[in-house]
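Written out below as structure tokens is the structure these notes cover.
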Amino acid sequence: MGIRVCIDIGGTFTDVAVVNDEDGGLNIFKNSTTPDEYARGVLAGLTDAAEFYGMEPAEFLRLCSSSRGGAINYGTTIATNALIQQKTARVGLICTEGHRDILTFREGGKDDPFDWDLDYPDPYVPRHLTVGVPERVGAGGEVVKPLDEDAVREAVLRFKALDVDVIAVSLLWSMVNPGHERRVGAIIEREWPGVKFNLSHLVNPIIGEYRRTIATVINASLLPIVGPYLHGFDERLKELGYEGDLSVVSCFGGILSLEDMVRRPIYSVDSGPTGAPVAGLLFARKELESSNAVTCDMGGTSFDVSRVTDGVISETPDAKVGFDCLGIRKVDTKSIGAGGGSIARVDSGGLLHVGPESAGAMPGPACYGRGGRRPTVTDANLVLGYLNPKAILGGRMDLNRGLAADAIQRDIAGPLGLDTREAAFSVWKTVCVNMTDAIRMITSWEGIDPVEYVFVSGGGAAGLHIIPMLKDLGVRRLIIPKAAGVLSAVGGLASDMVSEFQLNTETETSDFDYSGVNSTLEELKEKARLFLERNRVPPENRALEFTADARYLSQPWQITLPVSGSPYQGAADVENLMDSFHRVHEQLRGSREAGQHIAISTWRVKAVGRTPELIYRTAAPGGTEPEEEAKLDDREAYFKEIGGPTWTPVFHGDRLRPGNRVIGPAIVEEMATTLVVFPGTWIEVSALGGYVVHFSQACLER
Amino acid sequence: MNTSPTQIEPYLMALLASRVGSISVQMNNIMIKSARSSVLALARDCSTAVLDADGQVLAFPAGFPVHVGGTSLAGEALLEMKGGRLRPGDAYLLNSPYHGNTHPADHTILVPVFHEDELLFICVCRGHQADIGNSVPTTYHTTARDVYEEGALIFPCVKVQEDYTDVEDIVNMCRMRIRVPEVWYGDYLAMIGAARIGERELQGIARKYGPDTIRAFCSAWHEYGRQRMVEEIRKFPAGTASYETTHDPVPGLVPGGVAVRVKLTVNPGEGWVECDFTDNEDSLPCGLNVSEATLTSAARTGVLNRMEAKDLPHCEGALSRIRIKMLEGSVVGRSRHPFSSSVATTNVNDRALVAVQCAFNQITGRLGMAEPKYDMGPAISVISGKDSRKGDRPYVTQIIGATGGFGGMNGRDGYAHYAISNGGMYVVNSVEMVENQYPIRYLKQEIASDRAGAGKFDGGPSAETILAPVTDPVTFVYLGDGRDNPAKGAAGGLNGAPAQAFRERVLDGVRTETIEELPMIHQVTLPPGEALKGLYSAAGGYGDPLERDPELVRHRVLEGWATAERARNVYGVVLDESPGGCSVNREATEELRAHLKKGRP
């Protein structure tokens, strides 16, 4: 029996998700996160899991080893936390003379043009640790001025004297001609043997000096932190009996081997939410045989949305950390401040706002009775009758409806001149609208029709809002999986080994550089092959996905385009490339210029080592009608579209059987979540124990 | 209690406000990401807005302040000229500064949005074009004596699409007159595409909620904006203030420079602010005359910059609480045909904006501001020529480099990234992307030391930029302000360093030496082997530099924004060198500061 484990460390809980090959049963073990030493919370979860399976921890861990067909995938927040708390290592940066302020200027672009009451953010590497060395390479890769090696030596010795932890090197045009950067690397090795350093053409070889440089310095600043941490954790596991290779969840929607992650720690930044789209795809495929999925995750403070199109997780080159770009591509997650704890308020002009301010866990919503006086989304859901005052967290905490109603009356109903229930409805509806807009950002804003997608919803609070939101968007297919509360951990279990390699070869379709492009593609294939081989991915599980960044001539933004990866043989192949660009441009940007030539700069391959398919246990089916034991007491809930307060049947989710149908209006309660089945919709329990939501034709008429 | 006169349920109000706002943002994103020219795509010199059926702005995203503050004027012009004849599928092109547009370089697409036969909204997409067919290869024709010498095609709400199809005649005319027609047409498609997506989304809302609800929402939304703005104005003390600032001379045309005067009145009791520009000179025979739209934007932006609230709705209901008085036929007023307003969005208009926000210093110290850097220096030249690397392909484009910052403020240093007309929204070009696309090389782009206006709170620093033609001669056109009249300090703060430009000789591929100083409003063609060097105007400081926290002075010396001599001479801060940096000598600093204070008149 092989056991697969994914560890997901969140702000509050450390989830250990476990699947064993024998019966495919998924089990989740939750422990408190232990910020002083994360490994403690993780080991507690692993110990719980071993106990559950009736094993000694050592035996359990042995079965997790890859030699036994198991795996441990580790989702760590160590890099993200180091960035947020500004506890990264001290970096010395060597750049081209005359260009020391690349990290200060960034890309400009202040978002609010009327707000001046703010400080200009400091550069990621201060200027006194940035040294410009005389050298210059031109746009065609030609050496305009040879590298001044004495200046490099001086810089290295200066960094040594200043005791920096790590050196980053980012010279202009190094992705076209890396000669000077390589030479700087050799000088560093000679002058300061043993110091860690990163060269930009190896970390992030893209055109655009800011993004190449910022990725290089962020990566460098994490080298001394992530490596020791992961190695330390790996050693603990090995002491306890684990025999395999630890894999680490990356922000790229897959996993990397420990050694690859230690070299490229930037790929562990913000990797937390990236398991969600993997899980979304998993459920969309298993439940509804679709490879197009939008995953929505609503918790206490934020609502995260991600998208998978044709089985490919949507990525963004524009991810930010604080005031800086991350510089590398990562899974695209749109996140807005909307969750159960989001605070509602009415401004001085009488307009209702919900979020992004959150009451957090302390004091929490008014109904928690912990001293919170401001009304939240959870308070509104309680007043509307959607939430059961008795059942939340498995009955561990009661909710005080009186306190919720008071807060809504005082802050919302009074100022708006509404009754309490109408006010609660307004709060509920407003947060729905905000979240619907976040879905639009990753669908219709990108030329994607949400109607063609399966929606997968997770997180503690989503079930209270998701159905009417999707009704508004005209969506017809929605799954709320059984493991809705831990989508990221489930995604981590199913993640493939994924890495990306890119090279810069600028060409225009009017004068296509066949040999340059074809040899670039060959080189990429070779890099991918080495990566997959190093990670011992069997040939049948390997996949390569090629893309290129292209633009209309003189257009400053590029779009990323899927390409075949086969060599370009002649005009017909280039025509195909252009056609595909025109098509994608029209879809994303709403316009096409037939006949115009395009320029391509960056070529890239994503090397995928597929993980064996996750086996998932199915439960014995029941009839259409839920059994009597699944029914709980009816309660009054508010449904505006059918006239307001309505006596509504309530079901116990754990007692529903596959095949059971529940027709709205109805409420399904589970230990950590509640699903409101709105009028005009019904749900069916699937073989995997998830809920598939159906929308009646009438309610889809927009 | 919500006192809005029109009945609309509160949740619908929040819902429609959010939808309309997000549609205007979506239009903006599409336009930026699909644009061809860097000025539109990277400088974000473009804007979108959703107007109601009366042509009044309901929502604009965070667009360039100089564009959006006066967008209602464009809607009003369309309705006045074409009112009864608008049809679904129409699109109109407006660039006439005499008809509510900013300046001719901004092509504005207006799309009327219908629900069945009823006009409910107007979508507006506006973008600064790479070229508009001026008589010289720049979209900013400073020395044009009139609109005829300026030379651009002027479109006073001209129909460019009917039944969702281009009116080919107009497109063909533009293709004949505009220097880089495929870039222009690409940007045109980007604007049309964005407006049509806005139209589709707004029609969806109209279908879903019905025209009655939409109309009720529009008037309730303006009323909401009015209330919020009145509330905000009530936070100011009552008062009147005057401010005068002078744009640099234009050699041969305006030898004395252009004085810009405003009289500001704040009436918190009634909840309005008035900016009176009627005491200004007549229109000038050059391109610097502002337009009604830009001056309206300047005044409104100047006031918004002094407000604390960050979430004010920027609808006409709110913005109309900022009243503007101007004369027709004044250089700081409504432009009169055929005087040229080629440069209406920057330069003199920038001075007007600064005059408004700095006039507030006489009314309140809250958010007190020194003058910011002045714009349009060599770092953001319009460049043109042919690129022999690409088969002699011709190009005209504005490059957008690093420039300078906001004035020192009462409470914090000036933000280091700013342009007056766009509120710092512009994106700085990637050096590599520019070098890839045009035959030009950035030999240097760095913050220059000792240029920021010193104060208790320093002004934003300024950049030094050296641009060298690589394979072919390059023509640079720039019109920098702030050399003769640099950014003034406030409340005892010092002025920022003046702007300068130089012709340089390239020595070893990278370093340069000066051949001569160049004028700041200038057109010059340089061959490979020479370079254009620009020192951007730096912002003024706020408050007495002798009161600046010595640690902040030390930090700027450490980072190379200031020298140790300047720390000593201007801030009275004595620094001791320490390994890898420096530290403040407290005693010597106190002594020096006391001495410097005593020596003052």
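Sequence lines set the chain letters: A, B, ... in the order given, protein chains first and strands last, and positions in each chain run from 1.
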Interchain contact, [X] with chain B, by part (heavy-atom threshold 4.5 Å):
{"X": "A:L418", "result": "side chain"}
{"X": "A:L351", "result": "both"}
{"X": "A:R551", "result": "side chain"}
{"X": "A:E506", "result": "side chain"}
{"X": "A:D437", "result": "side chain"}
{"X": "A:R211", "result": "neither"}
{"X": "A:Y552", "result": "side chain"}

Assess whether a salt bridge exists between [X] and [Y], defined as any Lys/Arg side-chain N lying under 4.0 Å from an Asp/Glu carboxylate O.
{"X": "B:D311", "Y": "A:R345", "value": "yes"}
{"X": "B:R19", "Y": "B:E201", "value": "yes"}
{"X": "A:D115", "Y": "A:K110", "value": "no"}

Based on non-hydrogen pairs under 4.5 Å, which of [options] is most in contact with chain A?
{"options": "B:L558, B:V510, B:L15", "result": "B:L558"}
{"options": "B:H314, B:R393, B:M229", "result": "B:R393"}
{"options": "B:G460, B:S22, B:A14, B:G186", "result": "B:S22"}
{"options": "B:M13, B:R389, B:K310", "result": "B:K310"}
{"options": "B:W221, B:Y185, B:F406", "result": "B:F406"}
{"options": "B:V183, B:V230, B:T301", "result": "B:T301"}

Given heavy-atom pairs under 4.5 angstrom as the criterion, report whether the side chain, backbone, both or neither of [X] touches chain A.
{"X": "B:E9", "result": "side chain"}
{"X": "B:N29", "result": "side chain"}
{"X": "B:Y395", "result": "neither"}
{"X": "B:R306", "result": "neither"}
{"X": "B:R196", "result": "neither"}
{"X": "B:E231", "result": "side chain"}
{"X": "B:W561", "result": "both"}
{"X": "B:A416", "result": "both"}
{"X": "B:A463", "result": "side chain"}
{"X": "B:I447", "result": "both"}
{"X": "B:M409", "result": "side chain"}
{"X": "B:V431", "result": "both"}

Carefully, step by step, assess A:T130 and A:L103 under the rule side chain to side chain contact (heavy atoms under 4.5 Å, CB included).
CA-CA 10 Å; A:T130 303; A:L103 295 179; 5.6 Å; no
Can you see whether [X] engages [Y] through a side-chain donor-acceptor pair at a distance of less than 3.5 angstrom?
{"X": "B:S430", "Y": "A:E209", "answer": "yes"}
{"X": "A:E135", "Y": "A:T96", "answer": "yes"}
{"X": "B:Y426", "Y": "B:T403", "answer": "yes"}
{"X": "A:S601", "Y": "A:N504", "answer": "no"}
{"X": "B:R300", "Y": "B:S297", "answer": "no"}

I need the residue from [options] with the largest number of non-hydrogen atom pairs under 4.5 Å to chain B.
{"options": "A:K429, A:R136, A:K145", "answer": "A:R136"}
{"options": "A:S426, A:S348, A:G132", "answer": "A:S348"}
{"options": "A:I559, A:V176, A:L172, A:L352", "answer": "A:L172"}
{"options": "A:Y210, A:F425, A:F105, A:W116", "answer": "A:W116"}
{"options": "A:R212, A:R106, A:E446", "answer": "A:R212"}

For [X] versus [Y], what's the shortest heavy-atom pair and its separation?
{"X": "A:G138", "Y": "A:W173", "result": "O-CG, 3.5 Å"}
{"X": "B:M27", "Y": "B:G198", "result": "SD-CA, 3.5 Å"}
{"X": "B:Y418", "Y": "B:G405", "result": "CB-C, 3.7 Å"}
{"X": "A:A139", "Y": "B:E435", "result": "CB-O, 3.7 Å"}
{"X": "A:S174", "Y": "A:S200", "result": "OG-OG, 3.0 Å"}

Sub-3.5 Å donor-acceptor pair from the side chain of B:H417 to the main-chain atoms of A:G109, do we have one?
yes
Assess the residue pair A:E422 and A:Y638 against the criterion (side chain to side chain donor-acceptor pair (under 3.5 Å)); give the C-alpha distance rounded to whole Å, side-chain angles, the decisive distance to 0.1 Å, and a yes or no.
CA-CA 9 Å; A:E422 274 287 326; A:Y638 184 92; 2.4 Å; yes
Exactly one candidate in A:N434, A:T430, A:D347 meets side chain to side chain donor-acceptor pair (under 3.5 Å) with A:H353; the answer is A:D347
